[in-house]
Amino acid sequence: MSFSPATFIDIHTHVLPGMDDGPKNLEESAALIRCYTDMGIRQVIASPHYIQGTAWAPSSLSVLDQVAVLQSFLQSQNIAMTIFPGMEIACHKKMGEHLLLNKFLPLGTSSWYLLEPSFTDGADAFFSCLEPLLEQGYSIILAHPERIPALWLAGDALKSLVGQKLRIQLNIGSLLGKFGKESRKAGMELMAANCVYYLASDSHGALNRRPPVQEEWETLEKELGADLLEKLCCLHPAQLLAE
Ligand SMILES: [Fe+2]
C-alpha cells in the first residue's frame with residue numbers, strides 16, 4: 001500500500017462533545033479522536049451540525065469554545081491532535097441573510113462553508129438555496145451530495161455548477177457502500193466526472209460511523225489509486241487549511 005492514511009486531514013467530522021449526534025461527552029470525543037491518532041492522523045476539522053430552528057444551531061462562539069475545551073482535554077490525555085473549527089450548515093432559506101450576519105463558521109481559517117443539502121427537500125429547493133450563495137460570491141463545499149436522493153436525478157445540474165466557488169465533498173463511507181448502492185453509484189459517477197474535490201469521513205463516534213480502518217483505506221486505494229486518494233484526502237484538505 002503506498003497511500004499513507006497518516007496524512008489524511010478529515011475536513012468533515014462530528015467530534016465535539018454534546019453538540020449534535022456525535023459524541024455525548026469528552027470521553028466519547030477522545031475515543032473518536034483516538035481512532036484517528038491510532039493511524040497517525042494529526043489534524044481534523046470539527047464540523048458540528050447547524051440546522052436552523054432546531055437544538056442543533058450552535059453559535060460560532062459555542063463551537064469555538066467546545067473546540068478549545070476538547071483540545072485541552074486531549075492535551076491532558078497526551079493525545080496529539082489539532083482540531084480546527086467549522087460547521088456543517090444545513091441548507092435553509094435564510095442562509096444568505098445569516099451569512100451576512102456572520103452567524104456561521106467557515107472550515108478552519110479558510111473562507112469555504114460546508115453546506116449540507118436537505119435529505120427530504122426536492123432538487124428545486126436545493127438549487128434555490130445554493131445558487132444565490134454562489135452568485136453572492138460565497139465559496140461552498142457541498143457535503144455528501146451522493147447521499148441525497150433528489151440530487152441523484154439532478155446530477156447534471158449539480159455538475160454544471162462545480163467550479164471555482166463550488167466544490168464537492170463525498171463521504172468515504174458512500175464509496176465503501178455503507179450508505180447503500182444508490183449512494184455509492186452516485187458517488188462513483190461524480191468521481192468519474194472529475195467533480196469531487198474532497199473525501200471525508202463525516203465521522204460521528206468511535207463505535208458508530210467511525211473513521212476508516214486500515215482495510216477500508218486499502219479498498220479505497222485499490223479502487224481509486226494512491227495518487228487520487230492522496231489528492232482528495234490529504235493535498236486538497238491541506239491546501240484548505242492553508243487558505
Ligand atoms: Fe456531517
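Just so you know, these numbers use all the heavy atoms, side chains as well, and skip hydrogens, waters and symmetry mates. Note that ligands are numbered from 1 as they come in the structure, with each ligand's atoms numbered from 1 the same way. Index from 1, following the sequence.
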Are E189 and K185 ion-paired here, with the side-chain N under 4.0 Å from a carboxylate O?
yes
For L241, the rest of its hydrophobic cluster, which grows through side-chain links under 4.5 angstrom
I9, I11, I45, F84, L107, W112, L114, I141, Y197, Y198, L240
Residues two or more places apart in sequence or in another chain: which of them pass side-chain contact (heavy atoms from CB on, under 4.5 Å) with T54?
I51, W56
Just checking, is any N or O donor in the side chain of Q214 or E218 under 3.5 Å from an acceptor N or O on the other one?
yes
Taking 2.8 Å as the limit, list every protein N, O or S atom around the Fe ion (ligand 1), by chain and residue number.
H12 NE2, H14 NE2, E88 OE1, D202 OD1
Measure the shortest side-chain to side-chain distance between Q169 and L142 over non-hydrogen atoms and say whether it is less than 4.5 angstrom.
no
Apart from L61 itself, which Ile, Leu, Val, Met, Phe, Trp or Tyr residues share its cluster (side-chain heavy atoms under 4.5 Å, direct or through members)?
none
